[in-house]
Amino acid sequence: MRIGIDARIMSLHAGGIARYTMEMVQAVARLPEAAGHEFILYPGRMPEPVDLPANWTYSERRVPSRGILRSLLYGLIARLDGLDAFYSADYLGPVVPMPCRSVITVHDLIPIVLPGVTSLQHRLVGSHLLPRAVRNASVVVAVSEATKSDIIKHIPIPVHRIAVIHEGANPSFHPRSDGDREIGEVRALYGVGEHPYFLCLGASDPKKNAPAVIRAFSKMVMRVKSESALLMAGGAGEGRSSLESLVRELGVRERVVLAGFVPDEHLPLLMSGARGLCFPSLYEGFGLPVLEAMACGCPVITSNVSSLPEVAGGAALLVDPRNAAQLSLAMERLLTNEKLRQDLRARGLSRAREFSWERAASRLLELLTGEDI
């Protein structure tokens, strides 16, 4: 078969869909059963170099790298290139019927389920164009059972056309010893030293609920006399300014590190050194940081909503993300109860082994080649 893949954004050095696409492409390429097919990648303007087998090629067709026009053109491209199947993991897949089998991944329905935390453009695309792409697809891949439920609720399509494929954790997320030299280096780099610290990701994203983490942390340090710290990754512009104001208002400026952008290569080390990951997101289609932290042996505090309990699988502390008191108590438990921390570490490592990009890729290839859901 000749299989086309939407690679307009594909990178391990960017978050979200770009990283998902790269992980999935590399995992499919490693499958022995993929050798019998031809794959054509349709990249953006500046494709990230990646080592792929000879049966994978980049298309030289000059199509718009982003936006609606590209999604409208995929039907024509499929005809011109004689595609038997087409796959898109981008937020906006083909919005017109395809002349070949088409599979799309839906990561979440944030613009529909939680419109207040996203941009007007995102809401318009998610409310009007994403449903068209979902209805046109031969198969819709949902990254969790929670996302599948959202699709069924908000975009009426036959349930038998939806397949759930969980994500995996990159091998760089693995457990390390407490005395690991690199962990010590990133501790020093981000100014937490030897103090126990909690890690919070996505501080610039409203749905990640960073202000609640700061409030919960401030409540905890008032009760627990410990030199603990809170390291917050992400956060820029007005979002960073509001977090800085909140930190000053609550009197925890000396304990909270607003790290801004954190390179991907530092995340496994920061997770491995942390007392716990605080991820009380208001909504997640999958919640990859939860899986990545567990794969590092980092205990996790996360929300009891959307896909997060599904991913955690009983290996994390679950809290109401809108209840700062619950979150604060969970942080206190991880800080003061070593037995609980070690138990969560062991359960998290076991849970993380149930996920892999190889299994995800194998299932995706089955769907692309026409096997039943």
Side-chain angles (χ1 to χ4, degrees), residues 1-107 125 129 133 136-141 143 165 167-168 170-172 263-265 288 357-358 360-370:
M1 289 183 66
R2 176 174 280 192
I3 301 171
I5 296 180
D6 180 355
R8 72 182 96 179
I9 52 171
M10 188 176 77
S11 172
L12 287 179
H13 305 291
I17 296 171
R19 188 168 166 193
Y20 176 96
T21 304
M22 180 66 88
E23 293 279 15
M24 190 65 88
V25 163
Q26 290 182 321
V28 171
R30 291 192 294 267
L31 296 174
E33 57 267 37
H37 305 287
E38 178 185 358
F39 296 86
I40 302 175
L41 294 169
Y42 296 93
R45 291 189 181 92
M46 298 179 65
E48 182 173 312
V50 56
D51 185 21
L52 292 170
N55 60 324
W56 290 73
T57 59
Y58 280 98
S59 171
E60 295 184 359
R61 295 193 182 281
R62 300 182 65 85
V63 294
S65 64
R66 300 295 299 273
I68 298 171
L69 181 56
R70 183 177 176 114
S71 295
L72 290 169
L73 288 174
Y74 273 131
L76 175 61
I77 291 170
R79 288 189 181 91
L80 292 174
D81 288 344
L83 298 182
D84 299 298
F86 181 81
Y87 173 64
S88 178
D90 197 83
Y91 192 77
L92 184 58
V95 295
V96 295
M98 293 288 283
C100 61
R101 186 172 179 81
S102 62
V103 179
I104 68 168
T105 290
V106 174
H107 301 272
V125 169
L129 296 179
N136 286 330
S138 306
V139 179
V140 176
V141 172
V143 295
I165 302 179
E167 301 178 22
N170 187 280
S172 63
D264 278 355
E265 59 267 26
L288 186 57
W357 283 114
E358 284 67 28
S362 179
R363 185 68 181 115
L364 176 64
L365 186 59
E366 290 175 354
L367 297 176
L368 284 167
T369 55

Which residues share a side-chain contact (heavy atoms from CB on, under 4.5 Å) with R30, sequence neighbours left out = Q26, A27, E358

Have a look at L41 and tell me which of L52, D6, I3 forms a side-chain contact (heavy atoms from CB on, under 4.5 Å) with it.
-> L52

Do Y58 and V50 pass the side-chain contact (heavy atoms from CB on, under 4.5 Å) test, and can you show the C-alpha distance, the side-chain angles, and the key distance before you say yes or no?
-> CA-CA 11 Å; Y58 280 98; V50 56; 3.1 Å; yes

With L72, which residues qualify under side-chain contact (heavy atoms from CB on, under 4.5 Å), at least two apart?
-> I68, V95, V96

Work out which heavy atom in A89 is nearest to a heavy atom in H107; give both atom names and the distance.
-> O-NE2, 2.8 Å

Heavy-atom closest pair, residues S88 and P94 | CB-CD, 4.2 Å

With T105, which residues qualify under side-chain hydrogen bond (donor to acceptor under 3.5 Å, both in side chains), at least two apart?
-> Y20, Y87

Check for a donor-acceptor pair, side chain of R101 on one end and backbone N or O of L367 on the other, with a separation under 3.5 Å.
-> yes

Residue list, salt bridge (Lys or Arg N to Asp or Glu O under 4.0 Å) with R79, at least two apart or on another chain = none

Partner of V103 under side-chain contact (heavy atoms from CB on, under 4.5 Å), chosen from L365, I5, V141 = V141

Under the side-chain contact (heavy atoms from CB on, under 4.5 Å) test, which residues partner T57, sequence neighbours left out?
-> I40

What residues form a side-chain contact (heavy atoms from CB on, under 4.5 Å) with S102, not counting sequence neighbours?
-> M98, A137, S138

Could you tell me whether the side chain of W357 and the main chain of G168 form a donor-acceptor pair under 3.5 Å?
-> yes

Kindly indicate whether the side chain of N136, heavy atoms from C-beta on, has any atom under 4.5 Å from the side chain of P97.
-> yes

Which residues share a side-chain hydrogen bond (donor to acceptor under 3.5 Å, both in side chains) with D81, sequence neighbours left out | Y42, R61

State which residues pass salt bridge (Lys or Arg N to Asp or Glu O under 4.0 Å) with E33; sequence neighbours excluded, sorted by chain then number.
-> none

Residue list, ring-ring contact (aromatic ring centres under 6.0 Å, His included) with H37, at least two apart or on another chain = none

Return the set of residues passing ring-ring contact (aromatic ring centres under 6.0 Å, His included) with F86 (not counting sequence neighbours), or none when no residue passes.
-> Y74

Looking only at non-hydrogen atoms, find the nearest pair between R70 and A7 and report the distance.
-> NH2-N, 4.4 Å

Tell me, please, which residues at least two apart from N170 pass side-chain hydrogen bond (donor to acceptor under 3.5 Å, both in side chains).
-> E23, S172

About how many Å separate CG of D90 and OG1 of T21, when rounded to the nearest 0.5 Å?
-> 7.0 Å

In this structure, CG of L83 is separated from CE of M1 (nearest 0.5 Å) by 9.5 Å

